[in-house]
Every structure is written in C-alpha cells, then in structure tokens.
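Structure first, then comments.
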2 protein chains.
Amino acid sequence: MLTDEYRYKILKLIEANPSISQRELASQLDISLGKTNFCLKALIEKGLLKASNFKNSKKKSAYLYFLTPKGFEEKASVSVRFLKHKMREYEKLEAEIAQIRNDLNQQKESDIE
Amino acid sequence: MLTDEYRYKILKLIEANPSISQRELASQLDISLGKTNFCLKALIEKGLLKASNFKNSKKKSAYLYFLTPKGFEEKASVSVRFLKHKMREYEKLEAEIAQIRNDLNQQKESDIE
DNA sequence: CTCAATCTGTTCACTGAGTGAACAGACTCT
DNA sequence: AGAGTCTGTTCACTCAGTGAACAGATTGAG
C-alpha cells in the first residue's frame, strides 16, 4: 500500500513544501485523502518524517512536516530504487509495443490473402 | 473490468488456440479464473466471441471458442487502440524517468554544498 | 468578545474489483 | 460401473481505496 512510488513522491513534495496540507498532498498525488493520511502516518511510524504543530506564519492549524535524517537517507535510496523500477517498466513497455506492432503487421498480411 | 488490455490479449490467445481452457487462459493472462470467466462471458455477450461445445478431437468436455466477424473487426481496432495507449504510457514513462534523473542530480549537488 | 466560517487531521462504513475453493457435469480409462 | 480428471460456473470472502462526516483549532467580521 505504501509503495516506493508514494514514498518517493511524498518525501519529495514535503521537502519542497513542509507546510503542505494532506488534502493538497492528496490532490497532487492524485489519490484519496484517506490513503494520503495512511501513507503519511506510515512514513512517520518508520521515522522518515516528523510532524510538528508549531504555529506556521499564515496557516490555520496544520502540521509542519519535515524529513528526519533517516528520511533524507531514504529519499536518496528510494529515488534510485524507483528509477530502476521505472526503467524496467520502460523496457517491458518497449518490448510490448514491438510485439503489438508485429501482430498488426501479421494481421495486415493475412488480410491480403 | 474488461479493459482493452484483456480484450486484446484474449482475442489474440483464442485466435491462436480456440481450444484453450479458461484455466490456461487465466494462467497466461496472469489473472484469476473468476476474472477470466467474467471477461470471456462479456466478450460473448458483446458478440465478439462464440462458444460451441462440439466435441473436440482430444479434449474432455470443453468449449471451442472462436471469433465472430465482429470479433475480428474488434481485434483489429482494439490492437490499434491498445498500441496508442501503450505509446502514450511510454512517453509518460520517459518523461517521468527524466524527471527522477533530474531530481537525483539536484540531490547530489546539494550534497556538495 | 462572539459566533460563524474555514481551515486542519482523523476516522470508518462503504464500495467494487479480484480471488480461488468448491461444485456439478462431461469425458476417459481400467 | 466407478474412480479419476478435465471442464465451466458460482459466490462468499478479502482488501485496498474512497470520501463524507466529524472534532478541534484558527481566523475574521460585527
């Protein structure tokens, strides 16, 4: 449920904007509020993130999220891991596309017969 | 639930082997027997596939599935549609990979500071 | 100050896709 | 005949995901 994809994206978004709300996070991640809340708690549970409720300049009553040292480490390694994952997907997709193209060519040939 | 992906794959597998069983189909599609049964029925419902229980040479008591004329038409058009879909995915993935690479470079730079 | 409005995080009943064990029927072989 | 094996079909169950509803905090206008 808390995949590398969301680890990566959440750590990145929070580093860029520590005062982001869970609703805004959900919107940018294109997932529900409930899932966002779950992932966030999981990251805090793992010690990658901390939430402080220090009063922010202009915000209402929200948390300030920030990456722990462990969080920075994880962000670096999850980036690499996620990149490798995406590259494998890329290669698979490339092969799949080639195969569909091949099938389409064979379809055309059998049309001629 | 019956996505273009399974339309395409099922029509292709059945054209290649009309005496394939639902369990074998499920195995090759890497989905459950229940979902395979559902998709198959949906394709029959739409008139793309027909199931005849003519006695097959060496099989036990299975159906013979075959594509209707409409099924052949659909197979041709779904191939193209599916290919385009995969190509869009491919481009998205390419952009995503580039962005992760960019982030990794920025991470390294901020490490030096 | 007061109270309504608006933000926040949290919860949890609900949904729906997907699963696979279990079943009934048809066939084969001894 | 009967045991074994294949078939398609069903359906109770699971579980990730959803988002309306809630409680608490802050703000701002009257």
Side-chain angles (χ1 to χ4, degrees), chain A residues 1-11 13-68 71 82 85, chain B residues 1-11 13-68 71 82 85:
Chain A
M1 195 172 173
L2 173 56
T3 59
D4 273 356
E5 176 170 6
Y6 294 112
R7 278 181 195 240
Y8 167 71
K9 289 183 177 175
I10 291 175
L11 291 177
L13 284 169
I14 284 184
E15 191 185 11
N17 178 18
S19 68
I20 193 171
S21 73
Q22 293 187 10
R23 279 176 179 79
E24 178 61 25
L25 215 40
S27 168
Q28 289 198 31
L29 293 170
D30 206 36
I31 57 179
S32 71
L33 179 59
K35 184 175 180 182
T36 301
N37 184 268
F38 179 90
C39 288
L40 224 39
K41 281 190 174 175
L43 289 173
I44 291 170
E45 178 78 18
K46 289 182 194 302
L48 306 182
L49 228 51
K50 278 234 171 187
S52 83
N53 46 7
F54 278 17
K55 292 166 188 172
N56 191 11
S57 55
K58 289 180 180 177
K59 283 288 167 186
K60 304 301 169 58
S61 66
Y63 286 146
L64 264 184
Y65 302 103
F66 57 91
L67 278 66
T68 63
F82 188 50
H85 175 71
Chain B
M1 195 174 174
L2 173 58
T3 59
D4 272 355
E5 176 171 8
Y6 295 112
R7 277 181 194 240
Y8 168 71
K9 289 183 177 175
I10 291 175
L11 291 177
L13 284 170
I14 284 185
E15 190 185 10
N17 177 16
S19 68
I20 192 170
S21 74
Q22 293 188 11
R23 278 174 179 80
E24 178 61 25
L25 216 40
S27 168
Q28 289 197 33
L29 293 170
D30 208 37
I31 57 178
S32 72
L33 179 59
K35 185 175 178 181
T36 301
N37 184 269
F38 179 90
C39 289
L40 225 37
K41 282 189 174 176
L43 288 174
I44 290 171
E45 179 78 19
K46 289 180 193 301
L48 307 182
L49 227 51
K50 277 233 170 187
S52 83
N53 46 7
F54 279 17
K55 291 167 188 172
N56 192 11
S57 55
K58 290 180 180 177
K59 284 287 168 185
K60 303 303 166 60
S61 66
Y63 285 146
L64 265 183
Y65 302 102
F66 57 90
L67 278 66
T68 64
F82 188 49
H85 175 70

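As the structure is a computational prediction, the values presented were derived from the model and not from experiment.
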**Asked** Where do B/Gln28 and B/Leu13 land on the side-chain contact (heavy atoms from CB on, under 4.5 Å) test, with the steps shown first?
**Response** CA-CA 9 Å; B/Gln28 289 197 33; B/Leu13 284 170; 3.1 Å; yes
For nucleotides 14-17 of chain D, give me every protein contact, N/O to N/O, under 3.5 Å, one pair per line with atom names.
| residue | atom | partner | partner atom | Å |
| --- | --- | --- | --- | --- |
| D/dG17 | OP1 | A/Lys35 | NZ | 3.1 |

**Fill in**
A/Leu64 atom CG is separated from C/dT8 atom P, nearest whole Å, by 13 Å
**Message:** Just the rounded figure in Å: distance from C1' of D/dG8 to CD of B/Glu24.
**Reply:** 15 Å
**Prompt:** Just wondering, do B/Ile14 and B/Leu43 contact through their side chains at under 4.5 Å, heavy atoms?
**Reply:** no
**Request:** Report yes if some heavy atom in the side chain of A/Lys35 is under 4.5 Å from a heavy atom in the side chain of A/Leu29; otherwise report no.
**Result:** no
**Residue list, side-chain contact (heavy atoms from CB on, under 4.5 Å) with A/Lys41, at least two apart or on another chain** = A/Asn37
**Asked** Starting at the 5' end of DNA chain C and moving along, which residue's nearest nucleotide shows up first, B/Arg23 or A/Asn37?
**Response** A/Asn37
**Request:** Taking only the side-chain nitrogens and oxygens of B/Gln22, find out if one of them lies under 4.0 Å from OP1 or OP2 of D/dT7.
**Result:** no
**Message:** For a quick test of reading the model, state the closest non-hydrogen atom pair linking A/Leu67 to A/Leu11 and the distance between them.
**Reply:** CD1-O, 3.8 Å
**Message:** Using side-chain heavy atoms (C-beta onward) and a distance below 4.5 Å, is B/Asn17 in contact with B/Glu24?
**Reply:** no
**Item:** Straight-line distance of A/Ile31 CD1 to A/Leu25 CG, nearest 0.5 Å
**Value:** 7.5 Å
**Request:** Kindly calculate the angle separating the two end axes of the helix from C/dC1-D/dG30 to C/dT30-D/dA1, each obtained from five base pairs, and round it to 10 degrees.
**Result:** 10°
**Prompt:** From D/dA20, C/dT8, D/dT9, pick the nucleotide closest to the side chain of B/Lys41?
**Reply:** D/dT9
**Complete:** Rounded to whole Å, the OH-C1' distance (A/Tyr63 to D/dA25) equals 11 Å
**Request:** Tell me whether the OP1 or OP2 atom of C/dG9 has a side-chain N or O from A/Tyr65 closer than 4.0 Å.
**Result:** yes
**Within-4.5 Å side-chain heavy-atom neighbours: B/His85 and B/Asp4** = no
**Asked** Where each residue is assigned the nucleotide of DNA chain D containing its nearest heavy atom, which of A/Leu33 and B/Ser21 is assigned the position nearer the 5′ end?
**Response** B/Ser21
**Request:** Return the value, rounded to whole Å, for the distance between atom CD1 of B/Ile20 and atom P of D/dT7.
**Result:** 10 Å
**Request:** Classify the ring geometry between B/Tyr65 and B/Tyr63 as parallel (under 30°), tilted (30 to 60°) or perpendicular (over 60°).
**Result:** perpendicular
**Prompt:** Atom CG of A/Leu49 to atom C1' of C/dG9: distance rounded to whole Å?
**Reply:** 14 Å
